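All values below were derived from every heavy atom in this structure, side-chain atoms included, with hydrogens, water molecules and symmetry-related copies excluded. All values reported here derive from a predicted model rather than from experimental measurement. Convention: sequence-line order gives letters A, B, ...; per-chain numbering from 1.
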2 protein chains.
Amino acid sequence: MKEQGIELAVSTVIFALRPHPRSGETALWLPLVRRIREPHVGRWALPGGPLQCDEELSASARHTLERTTGLTSNYLEQLYSFGAPDRSPQRVVSIVYWALVRADEAARAIDGENVEWFLADEVPELAFDHNTIVTYALNRLRGKITYSPIARFFLSPEFTLAELRAVHEAVLRKKIDPANFRRQALATKTLVPTGTVLTGTSHRPPALYRFQVNPTPERLRP
Amino acid sequence: MKEQGIELAVSTVIFALRPHPRSGETALWLPLVRRIREPHVGRWALPGGPLQCDEELSASARHTLERTTGLTSNYLEQLYSFGAPDRSPQRVVSIVYWALVRADEAARAIDGENVEWFLADEVPELAFDHNTIVTYALNRLRGKITYSPIARFFLSPEFTLAELRAVHEAVLRKKIDPANFRRQALATKTLVPTGTVLTGTSHRPPALYRFQVNPTPERLRP
DNA sequence: CCAAAAGTGTTTAGTGTACACCCATGC
DNA sequence: GCATGGGTGTACACTAAACACTTTTGG
């Protein structure tokens with residue numbers, strides 16, 4: 001009944017939006033770390049590390065995020081736990097989290113010696129089963145953004161509806177009707193107009209919004 | 001960077017349908033195990049055990065299921081991983097699975113010395129954070145059954161639409177319009193009429209169905 | 001005035017829900 | 001015939017999508 005020899009690691013899939021190098025349009029990126037130890041030396045892998053004794057699982061993921069990118073995230077969620085016995089000679093069980101980083105923050109991320117950002121849809125062949133994990137995380141992100149207001153975690157506190165829509169379009173990689181998107185976004189009642197508009201555009205100035213900080217829980221409504 | 005002292009366990013929330021002892025209606029049940037060791041000796045807890053070196057995570061969950069109930073399951077899915085540092089003096093990280101067991105099988109489950117079945121909505125105060133886990137699993141089951149055809153895993157291969165509906169009603173604890181349920185169930189195209197009916201009822205004999213074994217994937221359709 | 005994006009209105013198809021009604025069986 | 005659940009039809013409200021149209025800015 002010994003379980004000796006099983007290593008427990010926490011990895012994190014970190015998503016951020018940046019311009020696509022060729023088309024210039026906003027696209028999904030994620031940072032990877034080059035392995036400097038066997039197995040899979042030289043291969044790119046998800047950032048992560050062994051779980052510390054006194055560390056929350058989510059704290060470990062947050063530390064990885066901070067260590068590899070110098071950034072913090074407003075959104076961190078557990079993705080899945082992977083642990084096929086054949087992942088490597090020394091068996092490793094990985095508890096994987098995913099995080100969203102704001103675009104303005106991601107722009108000033110520090111790229112360490114062995115850290116590099118890749119287009120989420122063009123990652124190279126990774127170490128271990130990390131390609132599977134990235135695909136899994138992408139599916140979760142694309143699924144969740146359609147029914148949950150997580151797009152906000154890619155944005156600054158104040159934003160226009162066009163910016164919010166651009167996040168959805170970049171993640172889902174498809175054009176969205178601006179008129180219908182506006183109505184659906186406003187129908188959620190989570191958006192609050194700031195009363196100000198964004199000037200300096202070469203067209204009609206769009207209104208600025210922020211997300212509701214404390215929406216009244218249903219059980220407390222009159 | 002040592003992670004020594006962290007124990008990795010796999011637990012399983014096992015759901016089955018049985019008659020409610022008071023109302024007689026079908027209700028959700030789950031088996032719990034009485035702890036025979038510190039910490040929390042005497043308390044009820046989710047069945048589980050340490051992960052073996054050469055064991056798949058899901059295999060460990062399946063073994064737990066077999067060991068505690070003598071049953072097998074057609075549906076097993078990873079739920080979440082829990083691991084707050086204060087869960088016990090000896091830190092334990094639990095990877096939790098959930099499983100569905102067919103009603104006819106559950107009826108002949110073996111109840112071991114320290115195993116007892118409880119109504120899913122009336123579990124006692126459990127060891128560790130297992131109450132949280134049970135609530136989490138219940139939410140997942142109730143959420144998933146509304147958009148995924150998992151109700152089938154509670155049923156025998158052949159069943160009537162009334163039986164399928166009864167599963168939904170028992171899990172969600174609410175009455176469902178039979179006419180609308182029928183239409184929605186048939187609209188999924190996953191149900192195949194066997195051509196036979198169930199006789200012996202005191203009313204019009206209902207048609208029997210089975211679930212489509214190999215629905216043609218979309219990419220293969222002409 | 002023109003271009004461009006913000007923002008509004010309208011039409012259409014589809015879907016979930018409530019409920020009236022007929023059907024087939026045992027008693 | 002009658003009770004009971006199986007099974008069908010239908011009207012209504014709500015939602016998503018497509019798209020025409022008006023508004024407001026910079027140049």
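A salt bridge links B:Arg43 with B:Glu125: at least one charged nitrogen is closer than 4.0 Å to a carboxylate oxygen. Electrostatic pairing of A:Asp121 and A:Arg173 counts as a salt bridge here, judged by a charged N lying under 4.0 Å from a carboxylate O.
The C1' atoms of five pairs define one axis at each end of the helix from C:dC1-D:dG27 to C:dC27-D:dG1, and these two axes lie 10° apart (to 10°).
Remark: P of D:dT8 and CZ of B:Phe181 are 15 Å apart, rounded to the nearest angstrom. One can place CZ of B:Arg204 at 10 Å from P of D:dG6, the figure rounded to the nearest angstrom.
At the phosphate of D:dT8, OP1 or OP2 sits under 4.0 Å from a side-chain N or O atom of B:Arg182.
Boundaries of the chain A contact region on DNA chain C are C:dA4 to C:dT10, first to last in 5' to 3' order (nucleotide atom under 4.0 Å from a heavy atom).
With sequence neighbours excluded, the residues that form a salt bridge (Lys or Arg N to Asp or Glu O under 4.0 Å) with A:Glu169 are A:Arg165, A:Lys175. The salt bridge (Lys or Arg N to Asp or Glu O under 4.0 Å) check on A:Arg67 picks up nothing, with sequence neighbours excluded. Residues passing the side-chain contact (heavy atoms from CB on, under 4.5 Å) test with B:Thr26, sequence neighbours excluded: B:Leu17, B:Ala170. Scanning for side-chain hydrogen bond (donor to acceptor under 3.5 Å, both in side chains) contacts around A:Glu122 gives A:Arg22, with sequence neighbours left out.
A heavy-atom distance below 4.0 Å to DNA chain D is reached by none of the residues of residues 139-151 of chain B. Interface residues of residues 156-179 of chain A facing DNA chain C, ordered by number: A:Ala162, A:Arg165, A:Ala179; criterion, heavy-atom separation under 4.0 Å.
Atoms CG and CD1, from B:Leu100 and B:Ile145 in turn, are 8.0 Å apart once rounded to the nearest 0.5 Å.
Of the two residues near DNA chain D, A:Asn180 and A:His203, the one whose nearest nucleotide lies more 5' is A:Asn180.
Within the structure, every pair that satisfies the salt bridge (charged side-chain N to carboxylate O under 4.0 Å, His left out) test and touches residues 73-85 of chain A, not counting sequence neighbours, is listed here: A:Glu77-A:Arg140, A:Glu77-A:Lys144. Note on residues 163-195 of chain B: pairs passing ring-ring contact (aromatic ring centres under 6.0 Å, His included), not counting sequence neighbours, are B:His168-B:Phe181. Residues in residues 92-112 of chain B take part in these ring-ring contact (aromatic ring centres under 6.0 Å, His included) pairs, two or more places apart or across chains: B:Tyr75-B:Trp98. Note on residues 146-159 of chain A: pairs passing salt bridge (charged side-chain N to carboxylate O under 4.0 Å, His left out), not counting sequence neighbours, are A:Glu158-A:Arg210.
Note: B:Tyr209 and B:Phe159 fail the aromatic proximity criterion, with ring centroids not under 6.0 Å apart.
A donor-acceptor pair is defined here as one N or O able to donate and one able to accept, closer than 3.5 Å; such a pair exists between the side chain of A:His130 and the backbone of A:Leu46.
Looking at B:Arg183, its side chain comes within 3.5 Å of the base of D:dG9 through a donor and an acceptor atom.
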